[in-house]
There are 2 protein chains.
Amino acid sequence: MAAAETARGRLAPLAEEETLSLGERAYRRLRASIVQGMLPPGGKISERGLATQLGISAQPVREALQRLEQDGMVITLPRRGTVVAEVGPAQLAELGRIRAALEGVAAALAAERLEAGALAAFAAILARMKAGTETADHEALDAANEDFHARIHHATGNPFLIRSLGSLRAYDHLGRCRAVGSMPRDLPRALREHQGIVAALRRRDPTLAEARMRAHVLRSLVTNGVLRPPRGKRSP
Amino acid sequence: MAAAETARGRLAPLAEEETLSLGERAYRRLRASIVQGMLPPGGKISERGLATQLGISAQPVREALQRLEQDGMVITLPRRGTVVAEVGPAQLAELGRIRAALEGVAAALAAERLEAGALAAFAAILARMKAGTETADHEALDAANEDFHARIHHATGNPFLIRSLGSLRAYDHLGRCRAVGSMPRDLPRALREHQGIVAALRRRDPTLAEARMRAHVLRSLVTNGVLRPPRGKRSP
DNA sequence: GGCTGCCAACTGCTATGGCAGTTGTCCATG
DNA sequence: CATGGACAACTGCCATAGCAGTTGGCAGCC
């Protein structure tokens, strides 16, 4: 549905960057700054300082910080200051398990109310993934993976779910730096898992889709090093 | 832990109402107004109008509306207005399933990092529940139920989980008006489920706690009428 | 009558200024 | 030297004013 269809008689839409509010832009930028390491954990940040640094007023910055606090990335002590939250391995693991559960529910909902046309889009993404797996193109695989999950999120049509998973995905980029790049032997496994999820979607089986999605996210977190392998597995 | 301990040498804390920011107060008030029926779905609301109505500035109102939008309770069209979102039975069911999944994860995390002293508190809550069940005191049962879940949420220590479940709980009050009061025969079942969850916590079994908690929430949603009974059940 | 274009009254959004509370520093005092 | 208190430099929080974009309606024209 979101395929490139140029509508006749309508002007071209603005570059997405221009149409967003300053608060939204500040939110994304600050979030990226946190997960990428600048704005280190424990570092103090102030509304006015960031405002002058970003060239905007203090109000949008305040809104951005408030959203970041809801995400758990900063904590503000009233009248005392705002500091970047320290997200240790333990918390990262918790957030990963939360994300796995939510992704599972999203897959279940998507399986129920998926329109027929969307299946073609998933097939296309699977094709991209297969090509990326054979050539070991990590960038392309990452992009396809993003598309895959984002499309499932939006297929649910649930704004709460979409927003929550969007926030949780940010932490994903944070945990990835500890184990850069998946093991080559894990790429085919991820591909099979994605194929299995799409198969469950095509079968309109919410329970199966949820189970497969949740297992996929959990295993992906294990190979990324943010989760320990569950007990009772083969690992020397 | 949250039991009434008066700390020596410190002044008595203010009434919670006084220490909260105006934005936080506006958020809670507006959320309550929405779930209770005033501010009907589809109704337009404006920052300035609410500001004068609440006797505060437009800025805290704006923050409150932004949080409400993240919860999915209002949707604001840029430069056009803000309207109360219509939460139909279908969306209510989705949110219920999301809440069930998150409550399950919360129970699992609580089972892992529960300190020994907290078990006594759960035992006390169970006692209150048992008494309320025998006398069919719905108000006391509701209060005990709130305490039960809130304590589990805080036992996880995860701010993201706490905040998300707090937002989702608001919808719970919205769906309850369609089936006022549980069936009398369902009260003992709820009690048994709560006891089973506490038993899993005491056993430090995350998997069991999650399964029981999730099943409990789902069944509770079924008896409240927001969720249809799963296929393959005895119901004429 | 039906359509076009303009104008006033909204809307959300941002900038500015100032409030109250906290903290760190520096000087006066015991 | 150690201690206490006041001042200045912060902080987050809130109120006010004005911006830009949207909408409804009314006058004017075809």
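In this text, all values refer to a predicted model and were calculated from it rather than measured experimentally. Every heavy atom of this structure was used, including side-chain atoms; hydrogens, water molecules and symmetry mates were not.
- Residue A/Ala58 is the one, among A/Arg80 and A/Ala58, whose nearest nucleotide of DNA chain C lies closer to the 5' end (criterion: closest heavy atom).
- Across all strands shown, B/Ile45 has heavy atoms under 4.0 Å from sugar-phosphate atoms exclusively, and none from any base.
- Side-chain proximity of A/Arg62 to D/dG12, C/dT16, D/dA15: nearest is D/dG12.
- Atom CD in A/Glu63 sits roughly 13 Å away from atom C1' in D/dC14 (whole-Å rounding).
- With rounding to the nearest 0.5 angstrom, the CG atom of B/Leu168 is 3.5 Å from the CZ atom of A/Phe160.
- Within the nucleic acid shown, A/Ile56 comes within 4.0 Å of sugar-phosphate atoms alone, with no base atom in reach, counting heavy atoms only.
- At whole-Å resolution of the value, CG in B/Leu54 and P in D/dC14 are 13 Å apart.
- For A/Gln59 and C/dG17, the CD to C1' distance is 11 Å, given to the nearest whole Å.
- Separating the CG atom of B/Leu22 from the P atom of C/dC19 is a distance of 17 Å, rounded to the nearest angstrom.
- Taking atom CG on A/Leu77 and atom P on C/dT22, their separation rounds to 11 Å, with Å as the unit.
- Within the 4.0 Å cut-off from OP1 or OP2 of C/dT11, at least one side-chain nitrogen or oxygen of B/Ser46 is found.
- Residue B/Lys44 contributes atom NZ, which lies 9 Å from atom C1' of C/dC10 at whole-angstrom precision.
- Side-chain atoms of B/Arg79 and base atoms of D/dG21 include no donor and acceptor less than 3.5 Å apart.
- The aromatic rings of A/His216 and A/His149 lie parallel to each other, with less than 30° between the two planes, well short of the 60° mark.
- For A/Glu47, taking side-chain heavy atoms from C-beta onward, the closest of the listed nucleotides D/dT23, C/dG12, D/dC13 is D/dC13.
- Counting heavy atoms from C-beta outward, B/Arg169 and B/Glu146 have side chains that approach closer than 4.5 Å.
- For B/Ser21, the side-chain atoms get nearest to D/dC14 when compared with the rest of D/dT11, D/dC14, C/dT16.
- Heavy-atom nearest nucleotides on DNA chain D were determined for B/Arg48 and for B/Pro60, and the one closer to the 5' end corresponds to B/Pro60.
- With rounding to whole Å, A/Glu24 atom CD is found 15 Å from C/dG12 atom C1'.
- By the 4.0 Å N-to-carboxylate-O rule, B/Glu210 lies too far from A/Arg97 to be salt-bridged with it.
- Formation of a donor-acceptor pair under 3.5 Å by the B/Tyr27 side chain with backbone atoms of B/Leu22 is not found in this model.
- The separation between A/Arg25 atom CZ and C/dT14 atom C1' is 12 Å, rounded to whole Å.
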